[in-house]
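We count ligands from 1, going down the list as the structure has it; atoms in each ligand are counted the same way. The chain is numbered in sequence order, starting from 1.
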Amino acid sequence: MTSAQSPTAQHEDTSPAPDTAPGADAGPWGELRGRAFAKGHGTGNDFVLLTDPHAELALDAELVTLVCDRHRGIGGDGLIRAVRSEAIPEGRAVLEAAPDAEWFMDYRNNDGSVAEMCGNGVRVFVHYLLQRGLAAVPEGDVLRIGTRAGVKTVARTDSGYAVDMGPWTFLDGDAARSRGSDAVVTAEGLKVPRPALSIGMGNPHTVVALAEGEKLDQLGLHTAPVVRPEPVDGTNVEFVVPADGDDDGVGRVRMRVHERGVGETQSCGTGACAAAAATRFWGGATAPDQWLVQVPGGIVSVTFVPAPDGAEHVVLAGPAVLVADGTFV
Ligand SMILES: N[C@H](CCC[C@H](N)C(=O)O)C(=O)O
């Protein structure tokens, strides 16, 4: 007779302690426990925002990844920390150029990596500062904020905010000017590897024009496109196709993006600027200075303007929405 275990037999319970066990209410948040956060987005590129004026939080990659986890955390493409510029070295450098840039946008991708810039994030960041009463923008004036890509100037618009993103640059210099670029991209759904333009918008972007017959919506972006030669610091990759519109002198492109440190997102502000810059470059001297970039999450406007510093700046405009407040428990 087999020795079936008697119902009273004791056995060591090796299952993980349930959340309700005593002492388990410390939660996973560590240094964030008890702190407030907000959730916001710009054309579907979504962020968790929090304020840490004196830079007391370490925010290691593991914690950022948990905060941005859409099942176990709050969920987001990135985390944005509002920190006083004087509280961190990158911010003190910004204050030298712009003493009124009191707040610094500390942007992290949802894999915990630090990125220099976030065009959608800057708009949501400024909206957050204004809604929280942490900053004010007199009517018709601008707010300067610090980022790892320098000082950004932000103005209100009727439908959101316009950010002077600063100058754009070719990342591979003459190759881009002469024959597109030496970068070649392969991705699921591209018929053949495709030459691409590498453009700097404070962070690196690789822009690919789809060929006739290649359908933007059929591209597989659940894995990272392969860029050769491999960019040293990685890259965001945008795929663009011309978009229909009126004959109103405004350029229009449609794009999807696979973001460095995130994956495919609904939108990418710096990516939209890079996509417009590349498409305008490919269009030649008669290409327009104003563009509308359609992304899965909406539409942003990109305008190329001569700047006092002699460079050509890019102005990104679009919406910024705060959707919720919460507390890390
Ligand atoms: N979503 C951001 C870009 C984040 C860029 C980040 N993925 C990186 O450069 O590592 C934007 O709206 O510009």
Side-chain angles (χ1 to χ4, degrees), residues 39-49 59 61 64-65 67-68 75-81 90 105-128 145 147-150 152 154 160-169 171 183 196 198-207 221 223-225 227 230-240 253 255-278 291 293-302 313-321:
K39 185 77 197 293
H41 75 90
T43 55
N45 194 193
D46 64 337
F47 313 99
V48 178
L49 301 105
L59 286 183
V64 172
T65 302
V67 169
C68 295
D77 293 331
L79 180 147
I80 294 177
R81 173 175 67 154
E90 304 96 313
M105 178 182 77
D106 176 9
Y107 175 80
R108 317 294 177 94
N109 288 313
N110 69 13
D111 71 348
S113 60
V114 172
E116 304 82 350
M117 211 5 222
C118 180
N120 288 321
V122 163
R123 302 197 312 272
V124 179
F125 176 67
V126 167
H127 190 53
Y128 170 77
I145 57 132
T147 75
R148 290 187 177 87
K152 302 302 170 193
V154 186
Y161 297 86
V163 190
D164 179 345
M165 302 284 283
W168 63 280
T169 58
L171 289 180
S198 302
I199 289 192
M201 280 303 311
N203 47 9
H205 295 269
T206 303
V207 184
L221 292 185
T223 55
V227 181
E230 187 170 353
V232 172
D233 296 328
T235 185
N236 301 282
V237 185
E238 289 81 22
F239 297 88
V240 295
V253 286
M255 97 172 195
R256 285 175 64 194
V257 57
H258 187 283
E259 279 197 33
R260 173 183 68 168
V262 186
E264 180 169 17
T265 57
Q266 295 257 311
S267 178
C268 179
T270 51
C273 295
W291 291 78
V293 181
Q294 295 174 33
V295 291
I299 296 177
V300 291
S301 149
V302 177
H313 282 203
V314 189
V315 176
L316 170 71
V321 181

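The distance from ligand 1 to the heavy atoms of Thr270 drops below 4.0 Å at these ligand atoms: 3 (C), 11 (C), 12 (O), 13 (O). Below 4.0 Å from some heavy atom of Ala115 lie the following atoms of ligand 1, by number and element: 6 (C), 8 (C), 9 (O), 10 (O). Set against the non-hydrogen atoms of Asn109, the atoms of ligand 1 under 4.0 Å away are 6 (C), 7 (N), 8 (C), 10 (O). For ligand 1, the atoms sitting less than 4.0 Å from at least one non-hydrogen atom of Asn45 are 1 (N), 2 (C), 11 (C), 12 (O), numbered in the order shown with element in parentheses.
Closest heavy-atom contact between His205 and Ala274: CB-CB, 3.6 Å. Taking all atoms of both residues into account, the shortest heavy-atom contact from Pro231 to Thr235 is CG-CG2, 3.7 Å. For the residue pair Thr147 and Gly150, the shortest heavy atom distance occurs at OG1-O, 2.7 Å.
In terms of polar-atom proximity, defined here as any N/O pair under 3.5 Å, Ser267 makes no such contact with ligand 1. Considering backbone and side-chain N/O of Asn120, one or more are found under 3.5 Å from N/O of ligand 1. Looking at ligand 1, you won't find any N or O of Tyr107 less than 3.5 Å from one of its N or O atoms. Where the criterion is an N or O separation shorter than 3.5 Å, residue side chain and backbone included, Met117 fails it with respect to ligand 1. Residue-to-ligand polar distances keep Val262 apart from ligand 1: every N/O pair is separated by 3.5 Å or more.
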Any chance you could lay out the side-chain contact (heavy atoms from CB on, under 4.5 Å) test for Val122 and Met117, step after step, and finish with the verdict?
CA-CA 8 Å; Val122 163; Met117 211 5 222; 3.4 Å; yes
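Of the protein's heavy atoms, Arg260 NE, 2.6 Å lies nearest to atom 10 (O) of ligand 1. Of the protein's non-hydrogen atoms, Gly269 N, 2.6 Å is the one closest to atom 12 (O) of ligand 1. Of the protein's heavy atoms, Glu259 OE1, 3.2 Å lies nearest to atom 4 (C) of ligand 1. The single protein non-hydrogen atom nearest to atom 2 (C) of ligand 1 is Cys118 SG, 3.2 Å, given as residue, atom name and distance.
Heavy atoms of Asn203 found under 4.0 angstrom from ligand 1 belong exclusively to the side chain.
Side-chain atoms of Lys152 do not come within 3.5 Å of backbone N or O of Ile145 as any donor-acceptor pair. With Arg81 contributing its side chain and Arg108 its backbone, the two residues share no donor-acceptor pair below 3.5 Å. A distance-only check finds no donor-acceptor pair linking the side chain of Asn109 to the backbone of Val262 [under 3.5 Å]. The backbone N or O of Val64 sits nowhere less than 3.5 Å from a side-chain atom of Asn110 that would complete a donor-acceptor pair.
Ligand 1 lies nowhere less than 4.0 angstrom from a heavy atom belonging to Thr265. Cys268 counts as a contact of ligand 1, since one of its heavy atoms falls under 4.0 Å from the ligand.
In summary, the side chains of Asp77 and Thr265 do not present any donor paired with an acceptor at a separation below 3.5 Å, with no hydrogens or angles considered.
Looking at Val154, Leu316, Asn45 one by one, the single match for side-chain contact (heavy atoms from CB on, under 4.5 Å) with Arg123 turns out to be Leu316.
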